[in-house]
Amino acid sequence: MALVATVAVVGRTNAGKSTLVNALVGEKVSIVSPVEQTTRNTIRGIVADPRGQLVLLDTPGLHKAVGTLGTLLNRMARRSAAGADITCVVFDAAQEPQLEDIGWMQRIAKEKPEKVVFVLNKADKSPFFEKMFRDAWGEAVTGNGERNRPLWVGATHGEATKPSEASAEGTGNGERVEPLWVKSISTTEGGAKPVLDALFGFAEEGELLFDEDIVTDYPRKLAIADVIREKYLAHLHQELPHELGIIVKRVVDEGSRWKSEAEVLVNRPSQKPIVIGRAASTIKAVRKAAERELKEVFGVPVSLELWVNVEPNWMKNDRLLAEMGYLGGLV
Ligand SMILES: Nc1nc2c(ncn2[C@@H]2O[C@H](COP(=O)(O)OP(=O)(O)OP(=O)(O)O)[C@@H](O)[C@H]2O)c(=O)[nH]1
Ligand SMILES: [Mg+2]
């Protein structure tokens with residue numbers, strides 16, 4: 001017997017959820033980038049600790065949905081929150097609360113999950129808007145924070161507040177939710193320790209859910225596709241992140257090495273030269289960077305073959321979305 005819990009890590013896009021999950025697991029299980037909507041699948045990261053085991057569900061950031069893919073991502077985030085023991089909402093507190101942050105607060109205030117951790121992330125940054133987040137929560141609870149009024153007009157910037165006194169009391173019971181507020185610097189393992197302690201504070205005695213030495217059960221094909229997409233995001237920045245889809249067609253295990261073939265989907269013919277690059281420089285650089293990381297992740301050399309195909313409206317094509325794992329099944 002040990003302390004165990006499943007944790008849905010939710011929050012708006014770019015808040016640092018995947019960074020936090022990686023810090024807590026102590027290994028990279030989820031891709032990270034400064035670009036919005038980096039995470040597209042729910043990824044399970046498993047934390048092994050002398051205290052027990054946490055199963056973290058890293059979800060796509062909640063955002064104003066555009067088109068089928070956007071709607072699916074939002075649904076995936078909400079569904080995982082509903083199924084987990086602990087809801088961990090990550091806020092980018094280096095920015096004032098945004099509509100999506102308020103949206104999560106309102107959802108928590110309404111649905112009253114029993115165990116909630118509010119992470120004020122990016123605590124290494126200044127200004128840091130702790131007070132504004134706490135005020136926003138107060139409004140969400142009292143119902144005074146209407147969704148569409150202009151938020152935070154005239155608010156002062158850069159208020160520095162002391163670390164809050166954590167309290168694990170007052171959870172659930174249909175009365176009022178009292179989230180446990182913690183600060184985190186998720187870019188370092190030690191910086192996320194307050195979150196780890198808060199989560200174990202809520203965990204309960206039970207049987208381990210996974211073998212002790214496993215860090216993720218995310219399917220191999222999807223993990224490879226994610227790494228390729230992360231390298232593309234790093235390479236192309238804002239150029240076409242939302243319209244790039246990766247499907248890993250095959251992974252052949254040849255013992256001492258893996259061979260993998262993947263399709264790079266774009267929405268329009270004009271995007272093809274962008275993902276290929278001049279004299280194929282972009283696709284080569286992405287392939288090399290992805291191969292390097294995959295070798296590290298899987299511990300065997302992985303050779304990648306990438307094809308670029310134009311697939312108009314792939315973001316609305318159920319068959320392709322299913323192939324990318326976006327139609328669920330993991331949660
Ligand atoms: N300075 C600082 N940057 C952070 C911290 N946590 C995350 N970041 C950065 O914030 C950016 C977004 O991080 P992600 O982990 O990809 O964010 P996410 O919430 O998973 O985003 P989606 O997958 O799009 O929902 C990255 O550039 C991270 O390096 C932190 O504690 N401090
Ligand atoms: Mg993410």
Side-chain angles (χ1 to χ4, degrees), residues 7-45 56-66 69-81 87-95 97-101 103-104 117-130 133 163 181-196 216 218 222-223 225-227 229-238 240-244 246 293 324-326 330-331:
V7 184
V9 181
V10 299
R12 88 175 154 82
T13 183
N14 225 33
K17 299 176 294 298
S18 301
T19 310
L20 174 64
V21 166
N22 291 337
L24 294 173
V25 173
E27 263 183 58
K28 182 162 168 186
V29 290
S30 195
I31 61 168
V32 168
S33 92
V35 178
E36 298 201 338
Q37 285 182 46
T38 298
T39 304
R40 284 181 178 169
N41 278 303
T42 299
I43 294 167
R44 273 193 282 244
L56 309 173
L57 308 169
D58 180 18
T59 64
L62 194 72
H63 61 94
K64 284 165 239 112
V66 185
L69 178 60
T71 312
L72 283 173
L73 299 185
N74 279 342
R75 194 181 306 153
M76 218 183 297
R78 284 197 300 263
R79 244 201 286 139
S80 340
T87 308
C88 178
V89 190
V90 182
F91 300 110
D92 176 351
Q95 287 185 11
Q98 315 276 308
L99 277 180
E100 292 90 340
D101 298 319
W104 272 111
V117 177
F118 276 180
V119 177
L120 295 170
N121 194 32
K122 310 197 185 180
D124 53 318
K125 286 206 173 177
S126 171
F128 194 65
F129 295 96
E130 173 167 5
F133 276 91
W181 294 78
V182 287
K183 290 187 187 181
S184 181
I185 303 173
S186 303
T187 35
T188 66
E189 231 177 281
K193 192 171 176 300
V195 184
L196 193 68
T216 183
Y218 192 50
L222 300 188
D226 269 358
V227 169
R229 207 160 57 81
E230 181 185 59
K231 299 312 167 206
Y232 258 117
L233 290 175
H235 215 82
L236 294 171
H237 303 288
Q238 302 286 357
L240 65 119
H242 302 319
E243 299 189 334
L244 183 73
I246 311 285
E293 179 158 330
M324 294 181 208
Y326 300 151
L330 268 173
V331 188

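Quick caveat, the model's predicted, so the values are computed rather than measured. As the structure lists them, so they are numbered: ligands from 1, and atoms in each ligand from 1.
Atoms of ligand 1 found under 4.0 Å from any heavy atom of Pro34 (numbered from 1 in listed order, with element): 27 (O). Using a 4.0 Å cut-off to heavy atoms of Gly61, the atoms of ligand 1 that qualify are 25 (O). When each atom of ligand 1 is checked for a heavy atom of Lys125 under 4.0 Å away, the hits are 1 (N). Those atoms of ligand 1 with a heavy atom of Gln37 less than 4.0 angstrom away are 24 (O).
At a heavy-atom cutoff of 4.0 Å, ligand 1 is contacted by no atom of Ser30, backbone or side chain.
Put simply, the side chain of Val7 reaches to within 4.5 Å of the side chain of Val9, judged on heavy atoms. Under the 4.5 Å side-chain criterion, counting only non-hydrogen atoms from C-beta, Leu120 is in contact with Phe133. Looking at Leu20 and Asn121, their side chains never come closer than 4.5 Å, going by heavy atoms from C-beta outward.
Closest protein heavy atom to atom 19 (O) of ligand 1: Lys17 NZ, 2.7 Å. Taking atom 28 (C) of ligand 1 as the reference point, the nearest protein heavy-atom neighbour is Thr19 OG1, 3.7 Å. Nearest protein neighbour of atom 21 (O) of ligand 1, counting heavy atoms only, is Asn14 N, 2.9 Å. Nearest protein heavy-atom contact of atom 1 (N) of ligand 1 is Asp124 OD2, 2.9 Å. When only non-hydrogen protein atoms are considered, atom 17 (O) of ligand 1 lies nearest to Gly16 N, 3.2 Å. The protein non-hydrogen atom at the shortest distance from atom 31 (O) of ligand 1 is Ser186 N, 2.8 Å. Asn121 ND2, 3.1 Å is the protein heavy atom nearest to atom 6 (N) of ligand 1. Here the heavy atom of the protein found nearest to atom 10 (O) of ligand 1 is Lys122 NZ, 3.0 Å.
No donor-acceptor contact under 3.5 angstrom links the side chains of Asn22 and Ser30, judged on distance only.
Inclusion of Thr59 in the first shell of the Mg ion (ligand 2) is not supported: no N, O or S atom falls under 2.8 Å. The Mg ion (ligand 2) has an N, O or S atom of Ser18 inside 2.8 Å of it.
Between Ile185 and ligand 1, no N or O atom pair is found at a separation short of 3.5 Å. Of the N or O atoms in Asp58, none lie within a sub-3.5 Å distance of an N or O in ligand 1. For Thr39, a nitrogen or oxygen atom sits less than 3.5 Å from a nitrogen or oxygen atom of ligand 1, counting backbone and side chain alike. In terms of polar-atom proximity, defined here as any N/O pair under 3.5 Å, Ser18 does make such a contact with ligand 1.
Considering all non-hydrogen atoms of both residues, Ala192 and Ala23 come closest at CB-CB, 3.9 Å. The heavy-atom pair separating Lys17 from Val10 by the smallest distance is CD-C, 3.3 Å. Nearest heavy atom pair, residue Ile185 against residue Ala123, reads CG1-CB, 3.9 Å. When every heavy atom of Ile246 is checked against every heavy atom of Arg229, the shortest pair comes out as CG1-CB, 4.0 Å.
With ring centers used as reference points, Phe91 lies under 6.0 Å from Phe118.
When the heavy atoms of Val9, Leu120, Thr13 are ranked by distance to atom 22 (P) of ligand 1, first place goes to Thr13. Between Val90, Val32, Val119, it is Val32 that holds the heavy atom closest to atom 29 (O) of ligand 1.
Going from atom CD of Glu36 over to atom CZ of Arg12 covers 7.5 Å, rounded to the nearest 0.5 Å.
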Quick one: do Val89 and Val117 satisfy side-chain contact (heavy atoms from CB on, under 4.5 Å)? Show the steps, please.
CA-CA 6 Å; Val89 190; Val117 177; over 6 Å; no
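Of the candidates Thr38, Thr59, Asp226, Asp58, Ser18 forms a side-chain hydrogen bond (donor to acceptor under 3.5 Å, both in side chains) with just one, namely Asp58.
More than 12 heavy-atom neighbours from other residues, nucleotides or ligands sit within 6.0 angstrom of CD on Gln95.
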